[in-house]
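Reviewing the structure listed below.
In what follows, every heavy atom counts, from backbone to side chain, and hydrogens, waters and symmetry copies are set aside.
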Amino acid sequence: MVEIGSLGKTIGVKVDVDTDEGMKHGVPVLLDLFHKYGIKASFFVPMGKDHTGRTVKRVFTRKGFLKKAGRVGVISTYGIKTLMYGLLLPGPVIGKKNGALFRRIMAEGHETGIHGLDHVYWHDRIKEMDTRRTEKELDQAFTAYRDLAGIPPLSFAAPGWMINSHALEYFDDHGIVYSSDTRGSSPFYPIFKGYRSRTLQVPSTLPTLDEMVGIAGTDQASLTGHFLSLLTPGLNILTVHTELEGRRWTGVLESFIQNTLTQGFHYKRLIDIARELKEKSEIPACGMEYGHIEGRAGEVTLQRGP
């Protein structure tokens, strides 16, 4: 376990934008919520097209996908139009289409990072992608981010918590301060498929709401209580989704924030957590592996130890 020092009772909120609708409608809701409580978060946005409709093939390739979709309510969460992107409708370029909103995130003091290029393609293919294909995806995503933000990217969060060793090597060579591509217990330097990375890995330590709906409860009180029960007195990384907490489940996140502030937790952007850890802490190297977690269909990349 990392010696966290001044990061006791800390929560980092990692906001994943997966769709154009989530960017357009969910991000403003979350920005207003964070402003209300004086919280700074880390937003990760896909730099390419919204191809959410192509997830339909997961019905045939992922055990438990239909069950999870039923628990969460796919249509109410994503909307019919989004489920047509990449099938019957051309997918909008999420970051570029919402450039003003992206710059608002930055102007309000939040961190912005890259959540892949094509979220669906990365999530479904990254495990088998070779060096050349991985670098092509990342080159396009990094260029799009620089064009949008006016600065080089410093952080990356893998869609679906799926990563490969080629991407880790790319991060080492392109100035990334940290990436958040895994599910685990504490920050570490990754060793994966024989490659030892110099880029800090900041894993999501808590489950996501879509994993827990229908398992830990279906109402605000039970879901909030469950997430509160999982907090440690050290560093906690919570991933929220603009399509869920930014829409019908905002109340769960607000209740969670209210309770944690009352309990003495404080919030930091992941980039600030990473820099503080790198300056003050002894950070271990840990292995990674593909595996499964409760409530999620398909694989994710998991931290092994410490």
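Under the ring-ring contact (aromatic ring centres under 6.0 Å, His included) criterion, Tyr290 pairs with Phe192, sequence neighbours left out. A search for side-chain contact (heavy atoms from CB on, under 4.5 Å) contacts involving Arg196 returns Ile191, Ala285, not counting sequence neighbours. Under the ring-ring contact (aromatic ring centres under 6.0 Å, His included) criterion, Phe171 pairs with Phe156, not counting sequence neighbours.
Of all heavy-atom pairs spanning Tyr189 and Arg198, the tightest one is CE2-O, 3.3 Å. What you find for Arg269 and Ala41 is that their closest heavy atoms are CG-O, 3.7 Å. Here the closest non-hydrogen pair linking Pro46 and Leu117 is CB-O, 3.8 Å. Closest approach of Ile271 and Leu154 over heavy atoms only: CD1-CB, 4.2 Å. Closest heavy-atom contact between Phe188 and Gly287: CE1-O, 4.5 Å. Between Gly160 and Val300 the shortest heavy-atom distance is O-CG1, 3.6 Å.
A side chain to side chain contact (heavy atoms under 4.5 Å, CB included) with Thr301 holds for exactly one of Asp181, Ile126, Ile163; it is Ile163. Just one residue in the list Thr260, Asp272, Thr10 forms a side chain to side chain donor-acceptor pair (under 3.5 Å) with Tyr267, and that residue is Thr260.
Side-chain N/O atoms of Gln258 and Tyr37 include a donor and acceptor closer than 3.5 Å. Remark: the Ser204 side chain and the Thr239 side chain contain an N/O donor-acceptor pair separated by less than 3.5 Å. Side chain to side chain, His119 and Asp16 fail the donor-acceptor criterion of an N or O pair below 3.5 Å. Under the 3.5 Å distance criterion, with hydrogens and angles disregarded, a donor-acceptor pair is assigned to the side chains of Thr199 and Asp172. Judged purely by distance below 3.5 Å, without hydrogens or angles, the side chains of Thr208 and Arg296 pair a donor atom with an acceptor atom. A side-chain N or O of Glu111 and one of Ser155 form a donor-acceptor pair less than 3.5 Å apart. Using modelled atom types, one finds no donor on one side chain facing an acceptor on the other under 3.5 Å when comparing Tyr170 with Thr131. In summary, the side chains of Asp219 and Ser222 do present a donor paired with an acceptor at a separation below 3.5 Å, with no hydrogens or angles considered. Checking Gln201 against Ser179 by side-chain atom types alone, a donor-acceptor pair falls below 3.5 Å.
Counting non-hydrogen atoms of other residues, nucleotides and ligands closer than 6.0 Å to NZ of Lys97 gives a total above 12. Atom NZ of Lys278 has more than 12 heavy atoms from other residues, nucleotides or ligands within 6.0 Å.
The line from CD of Glu282 to CG of Leu277 is 11.5 Å long, rounded to the nearest 0.5 Å. Between Glu21 atom CD and Thr82 atom OG1 the span is 4.5 Å, to the nearest 0.5 Å. Rounded to the nearest 0.5 angstrom, His110 NE2 and Leu30 CG are separated by 9.0 Å. For the atom pair NE2 (His123) and CG (Asp118), the distance works out to 12.0 Å, reported to the nearest 0.5 Å. One distance of note links OG1 of Thr112 with CZ of Phe44; it measures 8.5 Å at 0.5 Å rounding. Here Leu261 contributes atom CG and Phe256 contributes atom CZ; the two are 9.5 Å apart, rounded to the nearest 0.5 Å.
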Practice task
Kindly indicate, with the supporting measurements, whether the criterion side-chain contact (heavy atoms from CB on, under 4.5 Å) is fulfilled by Leu253 and Leu238.
Solution key: CA-CA 10 Å; Leu253 179 58; Leu238 174 68; 4.2 Å; yes
Practice task
Dump the intermediate steps for side-chain contact (heavy atoms from CB on, under 4.5 Å) on Leu235 and Ile11, then the final yes or no.
Solution key: CA-CA 6 Å; Leu235 175 62; Ile11 299 172; over 6 Å; no
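Counting only distance, with no hydrogens or angles, the side chain of Trp122 and the backbone of Met162 share a donor-acceptor pair below 3.5 Å. No donor-acceptor pair under 3.5 Å is formed between the side chain of Glu254 and the backbone N or O of Thr250. Side-chain atoms of Thr242 do not come within 3.5 Å of backbone N or O of Val27 as any donor-acceptor pair. At distances below 3.5 Å, at least one donor-acceptor pair connects side-chain atoms of Thr224 with backbone N or O atoms of Gln220. Judged purely by atom type and a 3.5 angstrom limit, Lys9 uses its side chain to pair as donor or acceptor with the backbone of Gln263. Between the Gln303 side chain and the Ser186 main chain, a donor and an acceptor come within less than 3.5 Å of each other. In this structure a side-chain-to-backbone donor-acceptor pair under 3.5 Å is missing from Thr205 to Asn236. Panel note: side chain Asp50, backbone Asp20; a donor-acceptor pair is recorded below 3.5 Å. A donor-acceptor pair under 3.5 Å is absent between the side-chain atoms of His51 and the main chain of Val120, judged by distance alone.
By the rule that hydrophobic residues join a cluster once side-chain heavy atoms approach within less than 4.5 Å of another member, Leu302 and Leu206 end up as members of separate clusters.
Residues Ile293 and Trp161 are not in side-chain contact: their nearest non-hydrogen atoms beyond the backbone lie 4.5 Å or more apart. Counting only heavy atoms from C-beta outward, the side chains of Ile94 and Lys49 never approach each other to under 4.5 Å. In this structure, the side chains of Trp249 and Leu223 come closer than 4.5 Å at one or more pairs of heavy atoms. Taking the side chain as every heavy atom from C-beta outward, Asp18 and His241 approach each other to under 4.5 Å. Considering only heavy atoms from C-beta on, Ile237 comes within 4.5 Å of Val202 through its side chain. Using a 4.5 Å heavy-atom cutoff, the side chains of Lys14 and Phe43 are not in contact. By the 4.5 Å heavy-atom criterion applied to side chains, Leu148 and Met47 are counted as neighbours. Two residues are said to be in side-chain contact when any heavy atoms from C-beta on lie closer than 4.5 Å; Val177 and Leu200 fail this criterion.
Ion pairing of Arg104 with Asp32 is present here, as a side-chain N (NZ or NE/NH1/NH2) and a carboxylate O approach within less than 4.0 Å. In summary, Asp124 and Arg54 do not engage in a salt bridge, as defined by a charged side-chain N under 4.0 Å from a carboxylate O. Ion pair Glu299/Lys127 flagged as a salt bridge, since at least one NZ, NE, NH1 or NH2 atom sits closer than 4.0 Å to an Asp/Glu carboxylate oxygen. A salt bridge between Arg133 and Asp130 is absent, with no side-chain N of the basic residue lying under 4.0 Å from a carboxylate O of the acidic one. Salt bridge annotation for Glu108-Lys40: absent, with no cationic side-chain nitrogen under 4.0 angstrom from a carboxylate oxygen. With respect to the salt-bridge test (charged N to carboxylate O, under 4.0 angstrom), the residues Arg247 and Glu243 do not qualify.
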